[in-house]
**Q** 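Mind looking over this structure? Questions follow.
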There are 2 protein chains.
Amino acid sequence: MTQATLARTLRRDAAENREAILAAAKALLRRDPDASLEAIAQSAGLSRRAVYGHFANRDELVSEILTAGAERITAALVATAHDDPRIWLALIAARLWDEVEDVRVMAQLAVRGPFRDRVGAALAPLRSALRENVGCGIREGMLRRDMPADTLARLLEDSVISVLDEATRRELSSADGHRLVMLAALSTAGLSWRESAVLIDATPALAHDDAHQHPTHADYQQHPTHGAAHQHPTQAAR
Amino acid sequence: MTQATLARTLRRDAAENREAILAAAKALLRRDPDASLEAIAQSAGLSRRAVYGHFANRDELVSEILTAGAERITAALVATAHDDPRIWLALIAARLWDEVEDVRVMAQLAVRGPFRDRVGAALAPLRSALRENVGCGIREGMLRRDMPADTLARLLEDSVISVLDEATRRELSSADGHRLVMLAALSTAGLSWRESAVLIDATPALAHDDAHQHPTHADYQQHPTHGAAHQHPTQAAR
DNA sequence: ACGAACCTGCACACTACTGTGCAAGTTATC
DNA sequence: GATAACTTGCACAGTAGTGTGCAGGTTCGT
């Protein structure tokens, strides 16, 4: 029969179901790292029993999400370099915004459960790069000098996670989220909000490239109408 | 039959054990909101069975911690007012630092479990006060104008929680933590790190008052010489 | 020193979740 | 349309946690 033996006769709908499980798991684990397989399966439109047809056990499912997420993130960040540590920071933040979904799952799993260590290990290179750039930025006087580099590095991590959460909660457009994440990172790094805006607008590399927009909610207004006098240079959203 | 019937004959060591349970629960719940009663009891030096002599069930134990924490926090923040929204923010942040332990437990319980709503309700007045001051600060041009007030308010919340976590992790002195929390809040609010330092140093109300120090690690240097130019003392951990 | 308050240890029932086996049904694919 | 792949549903065992009852020991208070 055909050329089966080696070529896994993987049925098409089975692959779809596998993806559905992964998607549902990501969605639920993002809110509760201890979500039950029952809930995940149901959310994916399958029975709990069926999940074990795709993953040997709960750990394997989570691990799959974990390593895939780590790969996407590091792939998105690799080869990110810039002389100016401020711009480097903004770049990293912006690229994390392009991978929000995965970043948020990783962040959730990094805090609790037996996966803490593995997530930490997967993100180690990124952490050391951050640490490196922060130290460099402090030495060169481009970042805040009023706290130790380690502390600043960690605050930057948390800051980005927070704003990523908030951005998805508000279902910001791709462009708005892009800008907001950079603003938050630069603020934490010590810049004033005006300095941040100037820096962002003066740096073409930080402009929003909507090649890979996330369908958070479809395109949206450029700027959520914030009552009073608008400031915000509004940059060419192109 | 002394005069008992009404006067609760509450034994002394029993009260101590009750406190030990609460303390242990706070310590464990801060790291894992689902910590088992077994673990809590053991950490308090008691058997699991004994816990049920003090609390009817798990929920009641957690609720006790919750309401006590909410009371301490709101008590510490009540009657905090200032014309300058920036200073108001720094004041709130600093006073939260004085209640770090409770704040961190609350923050942990606010995210997960069936207590989310109750914590949210308990902190509602604080949230609305924050929202109020942020809106006012934006209108007056003292806070950043580049994002909606709601977003800024939430980022401020997360920012303070993050730095509180980091400060305890590093076992900062009372004075260092005091300053760090204010710096983080002001940064998120849009000030540059130099502006923040100037504002803090120019405002007597924001000076560190070590009347109520938390014994995070024993008294430490007062550290008045923060200087705008040189490195932060950082303390050598232990 | 006496009694009551408190703690321990154990047993037990109950709930919720994981992981597995198997029979029977459904569906993609050749 | 036949077959293998996939799914379902159920039953079952195992784990971990909660909440309760009770017998017997320890310790506080008077």
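Residue numbers begin at 1 in each chain, while the letters A, B, ... track the order of the sequences.
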**Q** Quick one: E60(A) CD to dT18(C) P, roughly how many Å, whole number?
**A**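 Checked: the CD to P distance equals 15 Å.
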**Q** Once you round it to whole Å, what is the distance between P of dG19(D) and CD of E38(B)?
**A** 13 Å
**Q** Encode nucleotides 2-7 of chain C as B, S and - characters from 5' to 3', where the letter depends on protein heavy atoms closer than 4.0 Å: B to the base, S only to sugar-phosphate, - to neither.
**A** ---BSS
**Q** Does the side chain of S36(A) pick up a donor-acceptor pair with the side chain of R48(A) at under 3.5 Å?
**A**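 No, R48(A) and S36(A) have no side-chain donor paired with an acceptor closer than 3.5 Å.
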**Q** Using modelled atom types and a 3.5 Å cut-off, is there a donor and acceptor pairing between side-chain atoms of H178(B) and backbone atoms of L206(B)?
**A**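 It does hold such a pair.
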**Q** Looking only at atom types and distance, does a side-chain atom of T74(A) sit under 3.5 Å from a main-chain N or O of A70(A), one as donor and one as acceptor?
**A**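 A pair under 3.5 Å: yes.
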**Q** Provide, to the nearest angstrom, the distance between the OH atom belonging to Y52(B) and the P atom belonging to dG21(D).
**A** 12 Å
**Q** Please check if the side chain of W97(B) supplies one atom and the backbone of S174(B) the other of a donor-acceptor pair under 3.5 Å.
**A** yes
**Q** Rounded off to whole Å, could you give me the CD1-to-C1' distance for the I40(B) and dG17(D) pair?
**A** 12 Å
**Q** Can you check the F55(A) CZ to dT18(C) C1' distance for me, whole Å?
**A**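 The distance from CZ of F55(A) to C1' of dT18(C) comes to 16 Å, rounded to the nearest Å.
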**Q** Are any side-chain N or O atoms of R131(A) and backbone N or O atoms of A149(A), one a donor and one an acceptor, separated by less than 3.5 Å?
**A**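 A pair under 3.5 Å: no.
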**Q** Figure out the CG/C1' separation between D32(A) and dA16(C), and round it to whole Å.
**A**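 Going from CG in D32(A) over to C1' in dA16(C) covers 14 Å.
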**Q** Could you state the CG-C1' distance from L37(A) to dG9(D), rounded to the nearest angstrom?
**A**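 Atom CG in L37(A) sits about 17 Å away from atom C1' in dG9(D).
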**Q** Could you check how far CD of Q42(B) sits from P of dT8(C), rounded to whole Å?
**A**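 Spelled out: CD on Q42(B) to P on dT8(C) is 12 Å.
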**Q** Between V181(A) and L96(A), is there a side-chain heavy-atom distance shorter than 4.5 Å?
**A** no
**Q** Can you measure from CG (L29(B)) to CD1 (I40(B)) and round to the nearest 0.5 angstrom?
**A**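 Result: 4.5 Å between the selected atoms.
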**Q** Among dT18(C), dG9(D), dT18(D), find the nucleotide with the atom closest to the side chain of R48(A).
**A** dT18(C)
**Q** Below 3.5 Å, does any donor atom in the side chain of R49(B) face an acceptor in the base of dG21(D), or the other way round?
**A**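 Answer yes: a donor N or O sits under 3.5 Å from an acceptor.
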**Q** Taking only side-chain N and O atoms of R12(A), does any of them lie within less than 4.0 angstrom of OP1 or OP2 on dT29(C)?
**A**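 For dT29(C), OP1 or OP2 has a side-chain N or O of R12(A) closer than 4.0 Å.
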